[in-house]
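Ligands are counted one by one from 1 in listed order, and the atoms in each one are counted from 1 as well. In this text, all values refer to a predicted model and were calculated from it rather than measured experimentally.
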Amino acid sequence: MLAQVNNISLAFNDLGTGLPLVFLHAFPLNRTMWVDQETALSTQFRVITIDLRGHGESDAPLWRYSLDQAADDVCGLLDHLSIKQAVFVGLSMGGYILFAFYRKYAERVKGMVLADTRAQADTEDGKRARFEMAQVAYKQGPSAIADIMIPKLLSPATIQTRPELVQRVRTMIEGNQVSGIAGDLMAMAERPDSLPLLQQITCPTQIIVGELDGPTPPSDARLMADRIHNARLAVIPGAGHLSNLEQPELFNEAIRSFGSNLTR
Ligand code: MLT
């Protein structure tokens with residue numbers, strides 16, 4: 001489905017009924033990374049997955065990328081769907097957007113799941129690496145970004161033994177436009193430190209991390225769990241950064257249990 005939000009067209013799926021769960025994907029993927037969650041969780045919840053601006057079937061304008069803008073787009077889609085409050089699941093960049101969303105629209109957040117993400121801002125080296133990756137995207141296109149990102153996103157065992165999953169991730173990355181990839185990289189480089197926000201989060205929070213996550217390792221997840229009041233932490237064995245794709249059943253179970261507690 002498509003909605004006109006903030007002067008662009010945003011693609012989304014809306015499946016099932018009940019407590020709305022809104023899923024925000026990672027960089028540089030799209031809403032199809034949540035297919036296993038849609039299938040498993042839409043029997044019990046209303047599951048909404050979004051192609052963030054610059055991704056998948058949503059528009060990828062040449063400029064206007066920031067995490068605040070992405071948060072405004074999510075809020076615009078909630079308004080379009082007449083949803084006052086939802087549980088949000090953000091994985092990696094989706095988690096960064098969730099921090100931006102919470103800063104602006106805390107009253108819309110019934111609960112949040114921060115998966116394979118971190119609260120810290122980029123280091124200076126990290127910002128430089130973003131700029132270099134944007135140059136690669138511009139000069140060599142999205143397939144060169146897939147070559148760089150796949151070893152970061154998936155665990156070595158997944159890369160060796162699950163070629164169909166590797167291909168799925170590659171197809172998602174290659175389906176993006178360079179404007180979206182570069183826009184995300186600038187947006188992530190400019191994001192503020194969210195460590196001071198953690199103590200201000202008052203909604204129920206579930207943290208999930210793959211035990212083999214390299215880009216946002218379990219130590220980052222523990223830091224968030226220590227600072228967010230009453231947060232729960234689930235470490236998913238045998239999963240890397242894309243824990244929802246590598247171990248969907250364990251990931252879904254964590255969300256199901258968190259969501260079920262919120263509907264009681
Ligand atoms: C992601 O998976 O969204 C990215 O790895 C996040 C990042 O590059 O910081």
Side-chain angles (χ1 to χ4, degrees), residues 23-34 37 49-56 58 60 65-67 69-71 73-74 88-101 112-137 142 144-155 158-159 165-166 168-176 180-195 207-210 212-221 223-224 236 239-247 251:
F23 286 79
L24 307 178
H25 62 73
F27 166 83
L29 305 182
N30 64 42
R31 74 190 194 280
T32 67
M33 74 172 258
W34 301 116
Q37 284 66 51
T49 60
I50 308 172
D51 279 347
L52 297 161
R53 75 167 53 211
H55 299 258
S58 289
Y65 291 89
S66 68
L67 300 181
Q69 178 67 64
D73 292 345
V74 173
F88 293 82
V89 183
L91 192 142
S92 199
M93 181 181 75
Y96 308 158
I97 293 169
L98 201 34
F99 287 132
F101 189 89
M112 65 169 135
V113 180
L114 296 163
D116 299 285
T117 192
R118 64 169 181 254
Q120 304 93 309
D122 281 355
T123 60
E124 284 311 310
D125 282 351
K127 287 182 191 184
R128 240 187 320 275
R130 303 262 191 221
F131 175 76
E132 282 159 16
M133 199 186 290
Q135 292 296 102
V136 171
I145 298 302
D147 294 340
I148 297 171
M149 288 304 295
I150 286 171
K152 296 180 197 281
L153 297 173
L154 298 168
S155 70
T158 297
I159 290 176
L165 181 51
V166 177
R168 239 181 97 193
V169 171
R170 176 172 285 281
T171 303
M172 282 186 239
I173 298 175
E174 291 181 350
N176 289 321
I181 293 172
D184 280 351
L185 288 163
M186 279 185 281
M188 290 192 286
E190 282 164 15
R191 76 186 191 281
D193 182 8
S194 290
L195 285 173
I207 294 162
I208 300 178
V209 66
L212 306 172
D213 186 338
T216 53
S219 53
D220 286 343
L223 183 61
M224 294 189 289
I236 310 254
H241 189 56
L242 296 179
S243 59
N244 73 306
L245 285 169
E246 295 189 84
Q247 292 289 356
F251 188 94

### Min side-chain heavy-atom separation L29-L242 under 4.5 Å
yes
### Task
Show which atoms of ligand 1 fall inside a sub-4.0 Å distance from at least one heavy-atom site of S92.
1 (C), 2 (O), 3 (O), 4 (C), 5 (O), 6 (C)
### Chi angles and distances behind the side-chain contact (heavy atoms from CB on, under 4.5 Å) call for Y65, Q69
CA-CA 6 Å; Y65 291 89; Q69 178 67 64; over 6 Å; no
### Message
For the backbone of M33 and the side chain of N244, can you confirm whether one donor and one acceptor N or O come within less than 3.5 Å of each other?
### Response
yes
### Task
Report the part of H241 in contact with ligand 1, treating N, CA, C, O as backbone and CB onward as side chain, heavy atoms under 4.0 Å; options are side chain, backbone, both, neither.
side chain
### Query
Does ligand 1 have any atom sitting under 4.0 Å from a heavy atom of H25?
no
### Query
ring pair (Phe, Tyr, Trp, His ring centres under 6.0 Å) with H241: which residues, sequence neighbours excluded?
none
### M93: numbered ligand 1 atoms lying under 4.0 Å from its heavy atoms
1 (C), 3 (O)
### Query
For residues T32 and N30, is any side-chain donor paired with an opposing acceptor at under 3.5 Å?
yes
### Task
Check ring pair (Phe, Tyr, Trp, His ring centres under 6.0 Å) between F23 and all other residues, then give those that pass, not counting sequence neighbours.
W34
#### Entry: Atoms in ligand 1 flagged as close to F27, the criterion being non-hydrogen separation under 4.0 Å
1 (C), 2 (O), 3 (O)
### Task
Please report which non-hydrogen protein atom sits nearest to atom 9 (O) of ligand 1, along with the residue it belongs to and the distance in Å to one decimal place.
Y96 OH, 2.6 Å
### Task
Mind checking whether R130 contacts ligand 1 via backbone (N, CA, C, O), side chain (CB onward), both or neither, at a 4.0 Å heavy-atom cut-off?
side chain
